[in-house]
Structure formats: structure tokens, C-alpha cells
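The residues of the chain are indexed from 1 along the displayed sequence.
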Amino acid sequence: MSGAALGLEIVFVFFLALFLLHRYGDFKKQHRLVIIATLLAWYLCFLIVFILPLDVSTTIYNRCKLNVNSSPPESNGSYVTLAPSKQKCFKPWSYIPNGIMPIFWRVVYWTSQFLTWILLPFMQSYARSGGFSITGKIKTALIENAIYYGTYLLIFGAFLIYVAVNPNFNLQWNQLQTIGIAAANTWGLFLLVLLLGYGLVEIPRSHWNGAKRGYLLMKTYFKAAKLMTEKADAEENLEDIMEEVRKVNESIKYNHPLRKCVDTILKKCPTEYQERMGRNMDDYEDFDERQNSYPSEKSLVKLHKQVIYSVQRHRRTQVQWQILLEQAFYLEDVAKNETSASRQFVHTFQSQESENKIFQYFYTPTVEWYWECLLRPWFYRALAIVLATFSVIVVWSECTFFSTKPVLSLFAVFIQLAEKTYNYIYIEMACFLTIFFLSICVYSTVFRIRVFNYYYLASHHQTDAYSLLFSGMLFCRLTPPLCLNFLGLTHMDATISHKNTQPTAYTSIMGSMRVLSFIADGFYIYYPMLVVILCIATYFSLGTRCLNLLGFQQFMGDSEMTSDLIDEGKELIRREKRKRQRQEEGENRRREWKERYGNREDSTRNRAVHTDQKESSFSETSTNRPLSKYTRSNGRTERDRIELLQDAEPLDFNADSINDDPLESESGRYQPGGRYLSMSRSRIFDDV
């Protein structure tokens, strides 16, 4: 079993990261380099979280071996017995041989740091650029990241000057490496505490509110009103951008040097706009530089960037609107079925996605009613209580983990009790649950936050490349300080425990933070205490109230604006529900008509074909008779048959002459007045 656990977790974490990326990204439309870079960033961060408990158990076993080897044997006359600790020391099932973990952590850590500080920012600017060539995009990305990289050099230079001026330190490569790691972890810890303080309160509260059906339905109505506003804004923005594209498309002809750039922009436009612009193109006209003023290449680059952004935003709002409608319809069905006497869940609309037959066999309407109407609220309440308990333990440990005598951190107490009995399975489970809960609080906040329209992780394959790369940057910056914070909570970090024991392989890669004492003894210990203030602010929704005062509408039960948006969203959902009901009723009527009269229509059609064949054969045998006598009657017969199948169009009383047969007027025959009846009946350019 040596190393088998490590291999299994490496494979499992890869498929977990791939599944999450498939949910948020779009493998078919987005660039492969964006997908690979984001997948690698997510994979490395998740891998650190899952592998760190194995590092802890292996370190405890190595400490046990050192204690056994260093403890002298006890002599009792002619007998020699070993120390009691040797009888308890045994190899864990997930033991990783010496030498593997340091190499593994070194590769994972420095790869993630290269991604977050160099590659991903460059790819982010590259993906957002509107250039038409690879060289142009690279140039734009380098210019945008010049200030970004300059800031890093400035921070690193400040730490370097501090160490150089201090006479107690001799600059060496290991110390320079430690300074860089300390600078990166300081930035990450600053953001980590902010996200952690929000997640520790919001995650238990969201599960508790999930048990309230009325609360969820009202919040869905509120989201519907806000999303409809965003959807209308996205449609209006897309129309404006497409109008600019249309003007550029009409001004730049086929032989213009910038025509290739215009064609690239047209490929990014929706299909209906491409067809509309293609019909209005006059490629036979040559361009003339002396008469017309044409847009420059910089303006086309800017327009290309706007097209990419507007199309992505329009597509995302459309998909999110359909998903929100399904959620609202389902919550309304739950509210209706709660008072059902039959105890069978009845849906207003059938699911548009095909469900698994095995799932349908076990998840019957009766089972669905018991789960949705009875069991699910209680399950969510119990889960919220468990999560709230974990949050209280985390807050207490964050405020007391620096105390070693006595040990006040509850996570450190649990690990030390298990270490005395060398229960490695309990140690790994306790470590995994602790770091997993911390990761959920931090990562879920990353998935929830939205920075206007520049950063937004939208599920169902609606996240753009910029947001995917930005999330990879955040994960790579937050995971190392998160793991260091976890090791500090459990007193596995020698800097916190002040014990001369063997450190974990992860801590040895980070280096000794004693090079910068004001960070190791000050910032890393006392800054996490701010999580208490952030939790209190989140509990009383201070951030939500501030955003509401600034004009960003947030869901607040005691706000008049919130109640107005709830009423507006309720009316929107009711309108969409009526529209879908009419569509389903029309489809049902057409299906019933086809099932009832389908065979009769087929027989009628066959009979009509047979009659036409007889008439054609009869007309061939009657060549000696005047053709006008039968041509008129046959045309009338055919037109009468058509008239039964479609409505005759209304007559235009402004015409010079009116024919009794409206179908004859469609033939466009010339009249004595010098006008065609088709033009006298209606003006052909009215609909243009």
C-alpha cells in the first residue's frame, strides 16, 4: 500500500477538477490553452488540499520513529526492554516513502506560483484582447501586464532591501526564496481571511434558509427581476454593437486591406446577424480612399473586443434566464404539492432534459413528494447546524491557535489526542475534514463573488475565458496560505508550536519564516483574528446593506425596493408560465390533430395526386380543343383548392380595379390601366 493512496488521490482529484471545469467552462467553444491552463491551476490547488492530510500522518509516523530510535532501552537485570513508545509505533496504511513528498510539493508549489504570477495574467490579457493576429495579442498582453509585473518587483525589492540592511542576515539563495514565498503568502493570507470570514457565516445560513420554501421562492422572484434587467441591458448593448458592425461592414468593401479584420469580427457575431449583414453586402462596389473615411485598425480591434464581450454576455443571460425559470417553476410546484392529499409530486411542466430510466424507477412521484415536502427541509436544517458548529470551532481556533501552553485550538487538541494513540485513520479523517471545510468556505466564496461583469463564474458552460483564468489565479494564490493556516491550527507548524520536531514536508518547502520575524511572529499570528470581525459583519449583513445604499440592489427582507423587485419578478414568472402553457397546449392540439386525422390526410393527399394524374392525361388527349377554355378552368380549380388551405389576403381598395377572385390578383397579370394587380393591391415595400 506504500504510495497507493497518493496515486489514487492524484487520479481522483484530476477527474474532480475536470468535472467542475466542464460545468463552468465550454470545451467546444473556448480555446484549448485556456482550458488546459485553468484545469492545471484548479487541479494543483485541489491536489494540495487532498494530499496534505497524508503528509501529516507520514510526518507523525516519522516523528514516532525518531522518538523510538532516540529513547534508550530500559534494563531490568539481565533483560533489556524497549521503550513503550516503540510498541505503539506502526506504519500507517497511507505511508509515503521518504524523499517523495518534498519533490512532490516542490513541483506542485512552484508550478502553481508560475501559473498565478506569470502565465495566467498573461493569458488573461491575451484572451481579452481584440487583436486580429497572435503578434498583436501578445503585444497587448505585455503592455497590460507591465504595471502588474512592476508591482511584484517593487514588493519583492522592498523585502530584499529590508533583509540587506539588517546586519543579522546574510543574503543567500534560500533566504531570497523564503522572501519571495513570504511575499506571496502575505498577499494570499490577506485575501484568505476576507473570504473565510464571509464563508464561515454565509454557508450555514444559506443551508438554513434553504429549508424555507417561501424564502427561496421570494429570492428567486428577486433574482428574476434583476436578471431581466440585465438581460434587457445585454440585448440592447448587443444591438448597439451589431449596428456599429453593420456600418463597418457596409463601409469596408471586399478589396479593402482591412476586409479580413471585418470578416473576423463577423464570425464572432450571432448567426442571425451574420445572415442579415450578408444579404445587405454590395461586394461589387470598390472602395475609394479619397471619397470615404474608413475606420482604423485600432478602432476595429476595439470593436472586436466589444463584440466578443457583448455576445458572451448576451448568451450567458439567455441561458441563465431559462435556468432561473425552471427553478421558479419547480419551487412553485413544491409550494403547491405541500398541501397535496395524494402525496404524489405533480409537475406543472415536464422536464425538458431526458432523465435516466434507473433514476426514474427509484425516484418515483411518491418518493419525490416525501423528499421535497417533508425530508429535505429537516435535512437542510440538520446540515446547517453541523456547519455552524464547524464555523464556531474554526473561529475559536483562529483566535487561540498561537497558544501552546495550554493548547486552546480545538483542532490541535484533536490531532494531539490521536497522535498519542497513533490512530492514523482518525488523524487523516480529522485533517481532511478540517482542511476540506476551510476550502469549501474559501472556494465557494470565489465561485459566488461577482466583480461587476468582469469576473463572474456562471454554471452550465457560461463562464468566459477571462473569468476562468482569473479563478485559477485566485485558487493558486489562496491555497498555499490556506494550507499554512491549517498547519498552524493543528500545531503541525514548528513556527507556531515552538517545538524542535520534524516538520512536515510542505513546511520544509516553504522555508523558515524566521528570516522575516515581523511576519512570522506578527502578521501570520494576529491577522487571522480579524475573522471574528468579518463574521460579525457578515452575520448582520453589513456588506449587503452598504451595497444597497450605493445603489446595487441586494435581497433584504426589510427593504421596500426588495419587495418591489419581488412583485416584479413574480409577474415576470407568471407571464412566462402562461406563455409556456400556451405553447404546450398548441403542441398538444397539433399532436392530437395529427393522431386523429393523420391517416385521413394521407389518403386525401393520395387521392389528389391520382386526380391530378388523370387530369394531366385528359389534357394530353384533348390537344385539338382550344387551350384557353380549359386552362382557365383548371387554374380556377387549383386555386380553389389552395384557397381552402390558406386564408385569402385582404383587398386593397386603393387599387384601380378590384377583381372578385383574390387569388387571381396574385398572378400579377397586367391590367388595362398599365399596372400589375399585385402592385395595385398592396405596396411591396411596406414591410421593408
task = Carefully, step by step, assess I323 and H460 under the rule side chain to side chain contact (heavy atoms under 4.5 Å, CB included).
result = CA-CA 9 Å; I323 296 172; H460 297 83; 3.1 Å; yes

key: Heavy-atom neighbours of F447 CZ exceed 12 at 6.0 Å   = yes

inquiry  = Run Y43 and I10 through side chain to side chain contact (heavy atoms under 4.5 Å, CB included) and show every step you take.
reply    = CA-CA 9 Å; Y43 173 61; I10 289 175; 2.9 Å; yes

ask   = So, the side chain of Q312 versus the backbone of Q462: is there a donor-acceptor pair under 3.5 Å, distance only?
value = yes

request  = Kindly give the heavy-atom pair with the smallest separation between L469 and A127, and that separation in Å.
outcome  = CD1-CB, 4.4 Å

ask   = Strictly by modelled atom types, are T504 and T507 linked by a side-chain donor-acceptor pair under 3.5 Å?
value = yes

message = Main chain of V394, side chain of S397: is a donor-acceptor contact present, judged purely on distance under 3.5 Å?
response = no

query = What pair of heavy atoms forms the shortest contact from G197 to V531, and how long is it?
reply = CA-CG2, 3.7 Å

key: Non-hydrogen side-chain atoms of L227 and E230 separated by less than 4.5 Å   = yes

query = Does the ring center of F432 lie less than 6.0 Å from the ring center of F50?
reply = yes

inquiry  = Counting C-beta onward and ignoring hydrogens, is there a side-chain heavy-atom pair between Q113 and P480 closer than 4.5 Å?
reply    = yes

query = Between atom CZ of R315 and atom CG of D464, what is the distance when rounded to the nearest 0.5 Å?
reply = 10.5 Å

inquiry  = Suppose we screen for side-chain hydrogen bond (donor to acceptor under 3.5 Å, both in side chains). Which residues come up paired with N145, at least two apart in sequence or across chains?
reply    = S125

inquiry  = I'd like to know if the side chain of R63 reaches the main chain of Q502, judged simply by a donor and an acceptor atom lying under 3.5 Å from each other, with no hydrogens or angles considered.
reply    = yes

key: Heavy-atom closest pair, residues F401 and H491   = O-NE2, 2.7 Å

ask   = Hey, what do you get for CH2 (W42) to CG (L115), rounding to the nearest 0.5 Å?
value = 14.0 Å

Shortest non-hydrogen separation from A41 to L120 and the atoms involved = CB-CD1, 4.1 Å

T111 side chain vs V108 backbone, donor-acceptor pair below 3.5 Å = no

key: For F190, all residues meeting side chain to side chain contact (heavy atoms under 4.5 Å, CB included), sequence neighbours excluded   = L194, Y527

key: Beyond-backbone contact of R128 with E144, side-chain heavy atoms, under 4.5 angstrom   = no

ask   = Side chains of R205 and T538: closer than 4.5 Å at any heavy-atom pair?
value = yes

ask   = Are W208 and L387 side-chain neighbours, meaning at least one heavy-atom pair lies under 4.5 Å?
value = no

query = Do F414 and T434 touch side chain to side chain, with heavy atoms closer than 4.5 Å?
reply = no

inquiry  = Looking at S409 and L489, would you say the former's side chain and the latter's main chain have a donor-acceptor pair under 3.5 Å?
reply    = yes

key: Minimum-distance pair of heavy atoms, taken over all atoms of V56 and M492   = CG1-CE, 3.9 Å

query = Looking at CD of Q320 and CD of Q327, how far apart are the two atoms once the value is rounded to the nearest 0.5 Å?
reply = 10.0 Å

task = Flag yes if more than 12 heavy atoms outside W396 fall under 6.0 Å of its CH2 atom; otherwise flag no.
result = no

ask   = Going through the checks in order, is the ring-ring contact (aromatic ring centres under 6.0 Å, His included) test met by F390 and F436?
value = CA-CA 11 Å; F390 266 95; F436 183 74; over 10 Å; no

query = Does the T38 side chain pair with the main chain of I35, one donor and one acceptor, at a distance under 3.5 Å?
reply = no

key: Pairwise distance CZ(F12) to CZ(F15) - rounded to 0.5 angstrom   = 11.0 Å

Listed partners of I134 passing side chain to side chain contact (heavy atoms under 4.5 Å, CB included), at least two apart = Y126, I138

query = Got W110 and I181 here, is their nearest side-chain heavy-atom distance under 4.5 Å?
reply = yes

ask   = H207 side chain to A384 main-chain N or O, any donor-acceptor pair under 3.5 Å?
value = no

message = Please check: side-chain N/O of S57 versus main-chain N/O of I425, any donor-acceptor pairing under 3.5 Å?
response = no

message = Counting neighbours of OH on Y380 that are heavy atoms of other residues, nucleotides or ligands and sit closer than 6.0 Å, is the number greater than 12?
response = no

inquiry  = On a heavy-atom basis, which atom in C441 and which in S444 lie closest, and how many Å separate them?
reply    = O-OG, 3.5 Å

query = Got a donor-acceptor contact below 3.5 angstrom from the T490 side chain to the L487 backbone?
reply = yes

request  = Dump the intermediate steps for side chain to side chain contact (heavy atoms under 4.5 Å, CB included) on L196 and L200, then the final yes or no.
outcome  = CA-CA 6 Å; L196 185 63; L200 288 174; 3.9 Å; yes

request  = Kindly indicate, with the supporting measurements, whether the criterion side chain to side chain contact (heavy atoms under 4.5 Å, CB included) is fulfilled by K212 and M218.
outcome  = CA-CA 10 Å; K212 304 175 183 178; M218 293 299 105; over 6 Å; no

message = Do T479 and Y443 pair up side chain to side chain, a donor and an acceptor below 3.5 Å, judged on atom types alone?
response = yes

key: Short side-chain to backbone donor-acceptor contact, H461 and G25, under 3.5 Å   = yes

pair I427-Y61: side-chain heavy atoms closer than 4.5 Å = no

I36 side, atom CD1; Q30 side, atom CD - distance, nearest 0.5 Å = 12.5 Å

query = To the nearest 0.5 Å, how far apart are NZ in K223 and CG in L324?
reply = 7.5 Å

